[in-house]
Amino acid sequence: MTRTGPDGIRATVDRATRERALHRLAERRYDVLVVGGGVTGAGVALDAASRGLRTALVERVDLAAGTSRWSSKLVHGGLRYLAKGDLPIAWESAHERHALTTAIAPHLIRPLATIVPLDDNTGPWMGALTETGIRLADLLRVGSRTPRTVLPPPLRVSAEAALLHAPGLRREGLRGGIVYWDAALEDDARLVVALARTAAAYGADIVTHCSASQLTDTTAMLTDELTGATLSVQAAVVVNATGVWAGEHEPSVRIRPSRGSHLVVRSAALGEPRAMMTAPVPGHFGRFVFAVPHPDGLVHIGLTDEPADGVDGLAPEVPEADETFLLETMSLALERPITSADVVGRFAGLRPLVASAKDSQDTADASRVHLLVDDPGLPVSIIGGKLTTYRRMAQDTVDAVCRRLTIARPCRTASLPLVGAADPATLRHVPAPARLVRRYGTEAPQVAALADRFGPWLADPVAPGCPTLGVELLHGVLAEGAFTVDDLLTRRTRVSMVEADLAPAIPVAERVLALGATIPTRLAREVTARHTVGA
Ligand SMILES: Cc1cc2nc3c(=O)[nH]c(=O)nc-3n(C[C@H](O)[C@H](O)[C@H](O)COP(=O)(O)OP(=O)(O)OC[C@H]3O[C@@H](n4cnc5c(N)ncnc54)[C@H](O)[C@@H]3O)c2cc1C
């Protein structure tokens, strides 16, 4: 079934929708103006638009320009919160994981096995305790009704089976392992793009490269970062969803950013693992370094947690100390230690940890708990939380918006599929390469077909050995609101994850942008918008 949003607008964000939105912003009063185009802001825009509110979202740089593209890409089921005794958060995570994997974005999410090795570091008592915790966490899966066909239950395995899951594991003292399943995103930035495009299909105006300043409860100044033009806008409610920048617009909130670094290595360096591997951090009970295998043959190793006051949240550097810590800790779990020579990419993101200025003793780890601030005369601010729980954060925010508007509109997003979403059986039969289906779902055939229409060179990788194809860049320009080389190579696709791929891909991205500028909007819509929301 092909369906558009209620006002018939398709799930397209492009130059024409941006221009139209900027005109509307100058002329009309919106119900909601969302500031910030990360997972939180895009989630709020979709929730508000799907409740029938006139919604606009402005983003200073690009969709997923901040923390939302630098996550570990895990859709947590609640195990880590259960380990801390935080049952409500654990339950919320399991519930949101269920909605994401079964209804909202099954195309972008895969089951991810994790192997916990039972070896000299894990005595029999610790092994039994770990297994009990994992089995309790599985009750959250059962309680949230995620079928075992989507996420299998945990199992204890022999040393041989543990090595089948992760051949690179250190063999000395290995007596077996526990395997459990959680969920992982193909690409966090693509989730944000899908949310924003689905919001557009429900009538939201999405404007990237447009910063907001002087936020009040009902007004903001906007600056078009592409032209320098400024305009004053009005909305019944302004929402501040600016992540680590939220404190700039909400005086009662003080953000204390914390940096989380990751390294990217080729899968072969870790023996081609099929499961996530964990290595306990010596001297820190319950703290682990982990290695997450991704389908394109890369493994992401994370994670650090270091204070990062004054650090740029768009692209924080990975300091040498973080790299050394991750390499040395992960190597403790490996047969062959890894070194900097194995590292092909690095990335870091900032967690917006909140210290409330109302009570300086009252600190909350906003990387897991979200904070909604609804002070009179100020925007509604939504801060912290997790990528996994963005939908719940958006629901709470739009409930607050509705209270300010004194209207009652039920939230619809728990079962609202994003553009490209379909059930696994449908996805299995989408006639396109598996990798494109993982990234574009039901839209994959039309992405692949762009090469037939606009040139066979678009079917080629954008850099030697890089899995990203030219058609993905063109789709980014025609349907996904990409305007710059950086939008294309660091957010619509993740070419820049492997540092050596970036330089050769830049001229390809420039060629695609030039081609995109010659394609009339009507034709672009014809070739990209055949599948829309609910396809
Ligand atoms: C290292 C790391 C790993 C993580 N791993 C996971 C994980 O595996 N699973 C999970 O569930 N969660 C994870 N998280 C948490 C998750 O990534 C964040 O909670 C989430 O991405 C925050 O999204 P956000 O939209 O609130 O902020 P952001 O993504 O930072 O978005 C804020 C946006 O606001 C824009 N903006 C700022 N100021 C303005 C302005 N004045 N005008 C217009 N726009 C503006 C910025 O450009 C930015 O795009 C991780 C976090 C970190 C740091």
Side-chain angles (χ1 to χ4, degrees), residues 33-45 56-78 80-81 89 92-93 96-97 100 109 112 182-185 188-189 191-192 195-196 207-215 220-225 238-249 255 257-262 276 290 292 300 302-306 308 311-316 318 322 347-354 365-371 379 381-394 397 491:
L33 172 71
V34 184
V35 180
V39 72
T40 308
V44 171
L57 178 149
V58 292
E59 159 56 47
R60 183 170 53 182
V61 185
D62 182 26
L63 297 169
T67 302
S68 296
R69 66 179 155 144
W70 301 129
S71 81
S72 306
K73 297 157 191 51
L74 302 174
V75 182
H76 301 291
R80 63 173 59 188
Y81 310 126
I89 297 277
E92 185 175 277
S93 287
E96 294 303 324
R97 180 182 67 179
L100 271 163
I109 298 175
L112 174 70
D182 215 330
L185 276 163
D188 40 13
L191 175 66
V192 179
L195 282 164
V207 187
T208 58
H209 299 282
C210 179
S211 58
S213 57
Q214 300 170 37
L215 270 55
M221 280 298 295
L222 302 187
T223 304
D224 181 341
E225 298 291 344
V238 174
V239 172
N240 167 21
T242 54
V244 282
W245 297 273
E248 294 172 15
H249 314 288
I255 305 283
S258 153
R259 186 187 53 244
S261 298
H262 289 87
M276 175 160 109
F290 51 81
V292 185
H300 296 180
L303 186 66
T304 59
D305 189 352
E306 297 295 330
V311 171
D312 172 22
L314 289 177
V318 175
D322 284 17
F347 63 94
L350 297 190
R351 302 174 187 86
L353 304 193
V354 176
D365 176 355
S367 70
R368 64 191 177 90
V369 181
H370 66 264
L371 182 70
S381 290
I382 178 74
I383 310 158
K386 300 294 284 182
L387 201 123
T388 307
T389 52
Y390 81 84
R391 194 204 64 78
R392 183 70 221 191
M393 294 165 67
T397 308
R491 292 176 285 266

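Ligands are counted one by one from 1 in listed order, and the atoms in each one are counted from 1 as well. Each residue takes its place number in the sequence, starting with 1. No hydrogens, no waters, no symmetry mates; every other heavy atom, side chains included, goes into these values. A quick note: this is a predicted structure, and the numbers were derived from the prediction, not measured.
Summarising the contacts of atom 50 (C) of ligand 1 with S258, G302, S71, the nearest heavy atom is found in S71. Considering only non-hydrogen atoms, atom 49 (O) of ligand 1 lies nearest to E59 out of E225, M221, H209, E59. For atom 23 (O) of ligand 1, the choice among G38, A348, S68 with the nearest heavy atom turns out to be S68. The residue from T242, V44, L387, I383 that puts a heavy atom closest to atom 36 (N) of ligand 1 is T242.
The only option from L63, L191, D188 that meets the side chain to side chain contact (heavy atoms under 4.5 Å, CB included) definition with R69 turns out to be D188.
Of all the atoms in ligand 1, the ones that sit under 4.0 Å from a non-hydrogen atom of L350 are 53 (C). For ligand 1 and A212, the ligand atoms under 4.0 Å from any heavy atom of the residue are 40 (C), 41 (N), 42 (N), 43 (C). Of all the atoms in ligand 1, the ones that sit under 4.0 Å from a non-hydrogen atom of G66 are 29 (O), 30 (O), 48 (C), 49 (O). Counting atoms of ligand 1 from 1 in the listed order, those under 4.0 Å from a heavy atom of T40 are 23 (O), 24 (P), 25 (O), 26 (O). Within ligand 1, the atoms closer than 4.0 Å to a non-hydrogen atom of G349 are 53 (C), numbered from 1 in the order shown. Set against the non-hydrogen atoms of G385, the atoms of ligand 1 under 4.0 Å away are 19 (O). Residue contact check: H76 has heavy atoms under 4.0 Å from atoms 7 (C), 8 (O), 9 (N), 10 (C), 11 (O) of ligand 1. Atoms of ligand 1 found under 4.0 Å from any heavy atom of G260, numbered from 1 in the order shown, are 1 (C).
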Worksheet item: V39 and L195: side-chain contact (heavy atoms from CB on, under 4.5 Å), yes or no, with the steps?
Response: CA-CA 8 Å; V39 72; L195 282 164; 3.8 Å; yes

Item to complete: Take L303 and S261 through the test side-chain contact (heavy atoms from CB on, under 4.5 Å) and record every step on the way to the result.
Response: CA-CA 5 Å; L303 186 66; S261 298; over 6 Å; no

Worksheet item: Is there a side-chain contact (heavy atoms from CB on, under 4.5 Å) between W245 and L314 once you walk through the steps?
Response: CA-CA 10 Å; W245 297 273; L314 289 177; 3.8 Å; yes

Practice prompt. Show the numbers, then the answer: is there a side-chain contact (heavy atoms from CB on, under 4.5 Å) between L353 and I255?
Written response: CA-CA 6 Å; L353 304 193; I255 305 283; over 6 Å; no

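At a heavy-atom cutoff of 4.0 Å, ligand 1 is contacted by no atom of R69, backbone or side chain. By the criterion of a heavy-atom distance under 4.0 Å, the side chain of V35, and not its backbone, is placed next to ligand 1. Proximity of A241 to ligand 1, defined as any heavy-atom pair under 4.0 Å, is confined to the backbone N, CA, C and O atoms. Using a 4.0 Å cut-off between heavy atoms, W70 contacts ligand 1 through its backbone alone, with no side-chain atom that close.
Between L303 and ligand 1, not a single N/O pair is under 3.5 Å apart. Between R60 and ligand 1, an N or O atom pair is found at a separation short of 3.5 Å. Considering backbone and side-chain N/O of S261, none are found under 3.5 Å from N/O of ligand 1. Considering both main-chain and side-chain atoms, G41 never comes within under 3.5 Å of ligand 1 through any nitrogen or oxygen pair. Taking any N or O of V39, backbone or side chain, at least one lies under 3.5 Å from an N or O belonging to ligand 1.
With a 4.5 Å cut-off on side-chain heavy atoms, C210 and L222 count as touching. Between H370 and I382, some side-chain heavy-atom pair lies under the 4.5 Å cut-off. Between R351 and W70, every side-chain heavy-atom pair lies at or beyond the 4.5 Å cut-off. At a threshold of 4.5 Å between non-hydrogen side-chain atoms, the residues V61 and T208 do not count as touching.
Under the side-chain contact (heavy atoms from CB on, under 4.5 Å) criterion, H209 pairs with R18, D62, E225, L226, F483, T484, D487, not counting sequence neighbours. Residues meeting the side-chain contact (heavy atoms from CB on, under 4.5 Å) test with V292, sequence neighbours left out: L74, R110, L112, M276, F290, H294.
Taking the six-membered ring where the residue is Trp, F347 and H262 present parallel rings, their angle staying beneath 30° rather than reaching 60°.
Ion pairing of R259 with D305 is absent here, as no side-chain N (NZ or NE/NH1/NH2) approaches a carboxylate O to less than 4.0 Å. Comment: R391 engages E96 in a salt bridge, judged by a side-chain N to carboxylate O separation of less than 4.0 angstrom.
Every heavy atom of V244 sits 4.0 Å or more from the atoms of ligand 1. Using a 4.0 angstrom heavy-atom cutoff, H249 counts as in contact with ligand 1.
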